[in-house]
There are 2 protein chains.
Amino acid sequence: MNASDNQSGYDPKKYRTPDGAPSDIVIFTITSTERTTAKKALPIRELQVLLIRRKEWPFVGQWALPGGFCKETESMYECALRELQEETGVTDVHMESLNVYSKPGRDPRGWMISHAFYALVHDKWLAARRADTDAIDVRLFPAEEALRMELAFDHRDILRDALNKVREQMLTTTIAKEFLPEEFTIGELYQVIRTVVPDFEEPNFMRKITSTQSRKGIIEEAKDAGGQPKMSNRYSQRPAQLYRFTDWVPRLSIYS
Amino acid sequence: MNASDNQSGYDPKKYRTPDGAPSDIVIFTITSTERTTAKKALPIRELQVLLIRRKEWPFVGQWALPGGFCKETESMYECALRELQEETGVTDVHMESLNVYSKPGRDPRGWMISHAFYALVHDKWLAARRADTDAIDVRLFPAEEALRMELAFDHRDILRDALNKVREQMLTTTIAKEFLPEEFTIGELYQVIRTVVPDFEEPNFMRKITSTQSRKGIIEEAKDAGGQPKMSNRYSQRPAQLYRFTDWVPRLSIYS
DNA sequence: CCAATAGTGTCTATTAGACAATATCTA
DNA sequence: TAGATATTGTCTAATAGACACTATTGG
């Protein structure tokens, strides 16, 4: 539908309109690299961000967040999903709206109001893509390193906001599950949380999450067909109980 | 600047571009009406939303969220602030980004990607405006009632999202201060919270907020010039201690 | 045995949760 | 004095926080 089709006398052509509605996507993942020192040890994990290297004007050669222009036939969310799929091949993913970025002059191409999203993608989806990384100028960067880079547009602002948000969400929601396999050990979970929020320290982590009344519903023990607890010794000599997230999230409050 | 001024060969006119970038603002306030039964009693408070009645196509005569089109020289946030100022006269206000609304066909005028904000405004700012309410077709509606109304565009979706967000924020941040005077009693604070989140119940509220280690920094006692605690008997026979918010907000976590 | 992670015991201080009791005013 | 809100007392159970300790098993 073209807007001027209507019978209302409203004519959008009378007004200066935006030159495009791009979306930018901050794609986070946590990479796991096995430690060389010992076997049976937790891998080294790192929070990474996917960046692409621009081939076209403006900011040619600079690293930028993936993204692209919205079409009239899709929502901004669908647009971001599509771009995400085109960049990474990932379809089923946790993606949320972040903020709008619209400071005048932010885009040399014209008046561009960008909407940013952040997505959490499991490492396994990006593994294939990472392999031929240098060739296609799509790379993962450690989040902190990317923050120090000179990115195209106002993408550093976007990245900073996304990082703040993902850190907050890591502690207040169960997004940790996006970085974990279906079944995981307490050690893995703790490590994932600490990878995103380094200053999170909780010596009694296991006890708190498994046996305090107000939190024990967040995760549950994984059991096999026979109802026996499932264990894993992938990361430790002593087999560890496997857990899975339930779909319950406690309601937080600063007042209670 | 017009986009086609650049030397890049990029021409936004080649693409279908949005027909406008509107912002919509969900303006919340809490009204206080004195109880007629007794004096010296807490007023009846209610969470309200400001709606305007549309005079122009489309959705003529229907109630809608205030908002308007963004100009090329301002950011979406500035646009929303400006619209808010035009609607309510309020300038200094707590406003946050909510989400983008961009479902194709959401606006009969054309391809309009709207960005919604929500703002919290103290009753006192809207009091004058409320007076001549019927005349200008700007009114406050109880939030729950507004949710059941048939609003223009997808404004019901926006309102629902805003209501969910303000409820979450009420419990996890100190936005309660936006609805309170600088100095307030514990009773007032509790009432404001319950006005926004009716199922929040905390029998030991006062004790928790004043004397638990992890929370006592959220508010502090108000003291007069001589260092004596300031009391108020506005809402009670027995004078109550006045408090003020500090600028500290505890970090919440489902894991600790 | 050592290394590395999993998980438990234990002790004290703090907090939660539920009610009862008392305090301080005004009308 | 009755009524309304403020504030404290009290008791039990749960949780926090710190640290030491035991468990399991590959190498």
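Note on naming: letters A, B, ... go to the chains in the order of the sequence lines (proteins, then strands), and numbering restarts at 1 for each one. The figures here come from the full heavy-atom set of this structure, side chains too, leaving out hydrogens, waters and symmetry mates.
- Of all the heavy atoms in A:Tyr101 and A:Asp157, the pair that sits closest is OH-O, 4.3 Å.
- Regarding B:Ile209, its CD1 atom lies at a distance of 18 Å from the C1' atom of D:dT8, rounded to whole Å.
- Applying the 6.0 Å contact sphere to CG of B:Asp224 captures more than 12 heavy atoms from other residues, nucleotides or ligands.
- Nearest approach of A:Ala143 to A:Leu159, heavy atoms of both residues: O-CD2, 4.4 Å.
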*Tell me, with the steps shown, if A:Tyr118 and A:Gln169 meet side-chain hydrogen bond (donor to acceptor under 3.5 Å, both in side chains).*
CA-CA 11 Å; A:Tyr118 73 97; A:Gln169 300 260 99; 2.8 Å; yes

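- Put simply, the side chain of A:Tyr255 never gets that close to the backbone of B:Tyr190: no donor and acceptor are under 3.5 Å apart.
- Looking at heavy-atom distances under 4.0 Å, A:Arg215 makes contact with sugar-phosphate atoms alone, never a base.
- Distance, B:Ile44 CD1 to D:dA4 P: 14 Å, rounded to whole Å.
- Look at CD on B:Glu34: it is 13 Å from P on D:dT5, rounded to the nearest Å.
- Near-neighbour residues of DNA chain D inside residues 248-256 of chain A, defined by a heavy atom below 4.0 Å, are absent.
- When all heavy atoms of B:Pro239 and B:Asn233 are compared, the pair lying nearest together is CA-CB, 4.0 Å.
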*Mark up nucleotides 5-14 of chain C, 5' to 3', with B wherever a protein heavy atom is under 4.0 angstrom from a base atom, S wherever such an atom reaches only the sugar-phosphate, and - elsewhere.*
SBSBBB----

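- By the 4.0 Å N-to-carboxylate-O rule, A:Arg167 lies close enough to A:Glu144 to be salt-bridged with it.
- Here D:dT8 presents its C1' atom at 17 Å from CZ of B:Phe205, a figure rounded to the nearest Å.
- The nearest whole Å value for the distance from the OH atom in B:Tyr190 to the P atom in D:dT5 is 13 Å.
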*asked:* Working note: B:Arg251 + A:Val197, criterion side chain to side chain contact (heavy atoms under 4.5 Å, CB included); need CA distance, chi angles, decisive distance, verdict.
replied: CA-CA 12 Å; B:Arg251 181 212 244 180; A:Val197 190; 3.6 Å; yes

